[in-house]
Amino acid sequence: MKQNYKVTGMTCSACAARVEQVVARLDGVNAVSVSLLTGSMQVDYQEEQIRNETIVAAVSTAGYEARPIRRGERGAHTASMKKWVASQLRRLMVSFVFLIPLMYLSMGHMVGLPLPGFLSGAENAFAFGLAQLILTLPIVWVNREYFQIGLRTLFHGAPNMDSLIAMGSGAALIYGLYAVVRMGYGAAAGDMEVLHRYHMDLYFESAGTILALVTLGKYLESKSKGRTGEAVSRLLDLAPETAVVERDGQQRTIPAEEVAEGDIVVVRPGSRLPADGVVVEGASVVDESAITGESLPVEKHPGDTVVAATMNKTGFFKFRATGVGEDTTLAKIIRLVEDAGASKAPIAKLADRISRIFVPVVIGIALTAFAVWMLCGAGFEFALSIAIAVLIISCPCALG
């Protein structure tokens, strides 16, 4: 049996690879394919050996959420993607509203741009650092999802790109807080040496910039994903919402999904067909361009086949439904489109295998770099900046 699932919480190829790996290990699973693009998973499994609940639970233990996609839910992905794109845009706008003055404050003086008097000079170092912290916190708050997902997957033993982002920007933020506190003590004690030391030793702009730039990448990625769902959405829009059927000698208007095989369906001029079938009475011309690409309407007489979602032009006829619900030609086309989006080329499978070890290797390199510089006699701040650089520069998922 093949079942499609909606998977949430995935943000990069490492996430998709992790979900695939966990589900593929389950007994009774023949094949599994996870699509990061559509946020879906297709599982081919033996019904007598494994249940949906077991698959969902396995995904949950990996740090993500999954649920089976039921019939009639195909349009849900497009709607949810639109909401996601809108939320990404709001996050992006907030991020850059605060990032621009943060960059001016932290870097402007390096190119000769003036700063307010109360923020200039080592004697005002505490106010200088505190202002940067205040501008950074809103950026961190609106992008807190990176920390939530990144730390959760890290604690589950399957770190992803969000883990790198959370660790890199989190380390920069925490060290910045430490520097501000030290400058506060220095200002209170009149210790100019401490103020000079930490005045230009802040990394708030690094934390804010990486979060804002990754959000920009995520927004562009989300828009791209949204466009891929429009094809399925347009196909879904072809299907009518209601149908007129003859039952017990009476014509009844029912939801299109309730049409049963063998029902006699009444089709009036200007209406779309709710199912596949064979004409039993009447004649007309039907516009099948949406399905077949044929530009000219096709004449239909008793004995001819008709296809769901095509448009009846001028005549009146009745047909016996032979393909309904998931068995219509339209549903099969939609299924093929979705399967094509979920399928992977060999190079994509290779990338997934690499992504499984990429993030742990990067974290190991960052820790090694930190330890080596400390052993070589470099200061803690310099060694930390090296580790942060390794973590942040290795986040190509959205930056690329």
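- A heavy-atom distance below 4.5 Å is found between the side chains of V32 and V43.
- A continuous path of Ile, Leu, Val, Met, Phe, Trp and Tyr side chains, each step under 4.5 Å between heavy atoms, connects L105 with V111, placing both in one hydrophobic cluster.
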Using atom types as modelled, flag every donor-acceptor pair under 3.5 Å from a side chain in residues 359-367 to any protein atom, sequence neighbours excluded.
none

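- The salt bridge (charged side-chain N to carboxylate O under 4.0 Å, His left out) contacts involving residues 269-288 comprise E281-K318, E288-K300, where partners must be two or more places apart or lie in separate chains.
- Residues I139 and G208 share a closest heavy-atom pair of CG2-O, 3.8 Å.
- For E299, the CD atom sits in a loose shell: 12 or fewer heavy atoms of surrounding residues, nucleotides or ligands are nearer than 6.0 Å.
- Taking the six-membered ring where the residue is Trp, the centroids of Y185 and F126 are separated by 6.0 Å or more.
- Criterion: ILVMFWY side-chain heavy atoms under 4.5 Å apart, direct or through other members. Under it, V140 and I149 are not part of a common hydrophobic cluster.
- The same ILVMFWY cluster, assembled from side-chain heavy atoms under 4.5 Å apart, contains both L202 and Y178.
- Between F128 and H199, the ring planes lie perpendicular to each other; the angle is over 60°, past the 30° to 60° tilted range.
- Grouping the Ile, Leu, Val, Met, Phe, Trp and Tyr side chains by contacts below 4.5 angstrom, directly or via other members, places V306 apart from I264.
- Here the closest non-hydrogen pair linking G270 and M311 is O-SD, 3.3 Å.
- Side-chain heavy atoms closer than 4.5 Å link hydrophobic residues (I, L, V, M, F, W, Y) into clusters, and following such links, even through other members, never connects I386 to M167.
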R268 vs N312, side-chain hydrogen bond (donor to acceptor under 3.5 Å, both in side chains): CA-CA, chis, key distance, verdict: CA-CA 7 Å; R268 295 185 173 85; N312 180 34; over 6 Å; no
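- Using cut-offs of 30° and 60° on the angle between ring planes, the pair W373 and F382 is perpendicular.
- Evaluation of the salt bridge (charged side-chain N to carboxylate O under 4.0 Å, His left out) rule for R152 yields no partner, not counting sequence neighbours.
- K218 has its side chain out of reach of R91: every pair of non-hydrogen atoms, C-beta onward, lies at least 4.5 Å apart.
- Residue A187 comes nearest to L195 through the heavy atom pair N-CD2, 3.9 Å, listed as atom of the first residue, atom of the second, then distance.
- Dense packing is recorded around CD of E53, with more than 12 heavy atoms of other residues, nucleotides or ligands lying under 6.0 Å away.
- Contact between L92 and A212 at its shortest, heavy atoms only, is CD1-O, 4.0 Å.
- Remark: E48 CD is packed, more than 12 non-hydrogen atoms of other residues, nucleotides or ligands lying under 6.0 Å away.
- Counted within 6.0 Å of CZ on R51, heavy atoms from surrounding residues, nucleotides or ligands total 12 or fewer; the atom is thus considered open.
- Residues F370 and A387 approach most closely at CB-CB, 4.0 Å, considering heavy atoms.
- R247 and D263 get closest at one heavy-atom pair: NH2-OD2, 2.6 Å.
- The local environment of CD in E294 is crowded, with over 12 non-hydrogen atoms from other residues, nucleotides or ligands closer than 6.0 Å.
- Atom CE of M192 is surrounded by more than 12 heavy atoms from other residues, nucleotides or ligands within 6.0 Å.
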